[in-house]
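What follows is one structure encoded as structure tokens, with my remarks underneath.
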Amino acid sequence: MRRIPQWLQEKYELEIRFGQQVNEISLPKIVTSQETWLVERVIVCSGADFETLYPRVFKENAITKCKLQMMKATAGKKIDIGPSLCAGLTLRHYQAFAECPSLKKVDERYDNELKDFKTHGIHVLLSQNNYGELIIGDSHHYGKTHEPFDREEVNQIILNYLSTFLNVEDFQVTERWHGIYPKLSGKLNLIAEPEKNVTVVNGLGGAGMTLSFGLAEKVIESVYNTYHLQL
Ligand SMILES: Cc1cc2nc3c(=O)[nH]c(=O)nc-3n(C[C@H](O)[C@H](O)[C@H](O)COP(=O)(O)OP(=O)(O)OC[C@H]3O[C@@H](n4cnc5c(N)ncnc54)[C@H](O)[C@@H]3O)c2cc1C
């Protein structure tokens with residue numbers, strides 16, 4: 001992730017600013033905490049910060065914040081798990097499986113097994129990074145504000161479930177953390193034009209790492225076409 005801005009700078013000579021907040025957009029002016037820019041078009045991708053720029057857009061589009069607890073672990077011996085792993089709980093987490101006729105039975109089975117899977121929005125995914133470390137997720141709690149503390153009981157449910165389909169020696173959790181992303185209800189993303197030449201793109205939820213490159217291409221194409229029509 002850290003190399004993407006660097007690559008954009010090198011390949012496309014993009015000018016990037018870090019450590020500055022955009023406090024105001026009143027075209028052609030963008031006022032940041034340190035400087036003022038004069039621009040023609042703006043695309044606002046502010047993630048889970050709904051409060052600073054165009055808060056009205058977010059109020060109008062039932063959006064909330066999701067807190068996810070995750071962990072990193074190592075195994076005693078060097079292992080290669082291959083593709084990412086998941087198990088039955090994942091079937092009821094992703095909308096893509098909603099049409100499966102047997103899903104209701106899976107849902108009932110897990111509710112009978114442990115109600116807390118649903119209470120904490122737990123499904124378990126495991127993938128390996130390029131250092132061979134195991135990345136484990138996750139829980140899902142929804143609300144506009146969240147506790148800074150992580151709940152160990154939730155981590156334990158995740159780890160117990162993981163042990164039903166992963167068997168490695170000397171498994172050791174090395175890091176625990178949580179992240180927060182914006183979540184829309186019943187929509188995959190939010191694209192709005194709160195004023196002329198300003199486009200807000202947000203709300204990709206838990207699929208932004210996967211879908212955002214495709215969405216970005218579409219948004220840029222549409223912004224570019226509109227811009228040319230106006231000239
Ligand atoms: C724990 C966790 C696990 C995830 N797992 C997956 C996964 O497995 N697969 C997947 O596809 N997706 C996953 N996601 C989702 C994915 O990370 C997000 O959908 C994606 O990052 C959204 O991208 P974005 O650019 O819209 O927002 P963000 O990545 O949140 O970026 C927004 C940026 O804008 C900055 N910003 C906000 N307001 C201002 C302002 N006023 N001025 C200047 N800067 C501002 C913020 O600081 C932030 O850097 C996960 C997310 C989390 C939190």
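Hydrogens, waters and symmetry mates play no part in the numbers below; they use all other heavy atoms, side chains included. Indexing begins at 1, ligand by ligand and atom by atom, following the structure's order. Here the structure is a predicted model, which is why all the values come from computation and not from measurement.
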Check whether any protein heavy atom sits under 4.0 Å from [atom].
{"atom": "atom 46 (C) of ligand 1", "value": "no"}
{"atom": "atom 14 (N) of ligand 1", "value": "yes"}
{"atom": "atom 10 (C) of ligand 1", "value": "yes"}
{"atom": "atom 51 (C) of ligand 1", "value": "yes"}
{"atom": "atom 25 (O) of ligand 1", "value": "no"}
{"atom": "atom 34 (O) of ligand 1", "value": "yes"}

Is any side-chain N of the basic residue among [X] and [Y] closer than 4.0 Å to the acidic one's carboxylate O?
{"X": "Glu35", "Y": "Arg17", "value": "yes"}
{"X": "Arg176", "Y": "Asp150", "value": "no"}
{"X": "Lys65", "Y": "Asp49", "value": "no"}

Atom indices of ligand 1 within 4.0 angstrom of [X] heavy atoms, with elements:
{"X": "Ala207", "answer": "10 (C), 11 (O), 12 (N)"}
{"X": "Gln20", "answer": "43 (C)"}
{"X": "Met70", "answer": "1 (C), 3 (C)"}
{"X": "Thr210", "answer": "9 (N), 10 (C), 11 (O)"}
{"X": "Cys45", "answer": "32 (C), 33 (C), 34 (O)"}
{"X": "Gln21", "answer": "41 (N), 42 (N), 43 (C)"}

> For ligand 1, is there an atom lying under 4.0 Å from some heavy atom of Ser212?
Replying inline: no

> Does ligand 1 have any atom that is closer than 4.0 Å to a heavy atom of Asn202?
Replying inline: no

Can you tell me the protein heavy atom closest to [atom] and the distance?
{"atom": "atom 12 (N) of ligand 1", "value": "Gly206 O, 3.0 Å"}
{"atom": "atom 19 (O) of ligand 1", "value": "Gly205 O, 2.7 Å"}
{"atom": "atom 22 (C) of ligand 1", "value": "Gly208 CA, 4.5 Å"}

> Where the closest heavy atom to atom 5 (N) of ligand 1 is concerned, which of Gln69, Arg17, Met209 has it?
Replying inline: Met209

>> Counting only heavy atoms, tell me which of Gly47, Gly19, Ser46 gets closest to atom 30 (O) of ligand 1.
In response: Gly47

>> Could you tell me if the side chain of His178 sits less than 4.5 Å from the side chain of Asp138, heavy atoms only?
In response: no

> Is the closest side-chain heavy-atom distance between Leu134 and Thr74 below 4.5 Å?
Replying inline: no

> Is Val168 reachable from Met70 through a run of hydrophobic residues whose side-chain heavy atoms are each under 4.5 Å from the next?
Replying inline: no

> Any nitrogen or oxygen of Val22, main chain or side chain, under 3.5 Å from a nitrogen or oxygen of ligand 1?
Replying inline: yes

> Quick one: do the His146 and His141 side chains pair a donor with an acceptor below 3.5 Å?
Replying inline: no

> Do you see a donor-acceptor pair shorter than 3.5 Å between the side chains of Asn225 and Ser222?
Replying inline: no

Polar side-chain atom of [X] near backbone of [Y] as donor-acceptor pair, under 3.5 Å:
{"X": "Thr174", "Y": "Lys72", "value": "yes"}
{"X": "Asn129", "Y": "Gly132", "value": "yes"}
{"X": "Asn202", "Y": "Gly47", "value": "yes"}
{"X": "Ser139", "Y": "Ile122", "value": "no"}

>> Tell me the contacting part of Ile180 for ligand 1: side chain, backbone, both, or neither, using a 4.0 Å heavy-atom threshold, strictly below.
In response: backbone

> Which is it for Arg92 and Asp111 under the salt bridge (charged side-chain N to carboxylate O under 4.0 Å, His left out) test, yes or no, and what are the steps along the way?
Replying inline: CA-CA 11 Å; Arg92 61 178 196 175; Asp111 278 348; 3.2 Å; yes

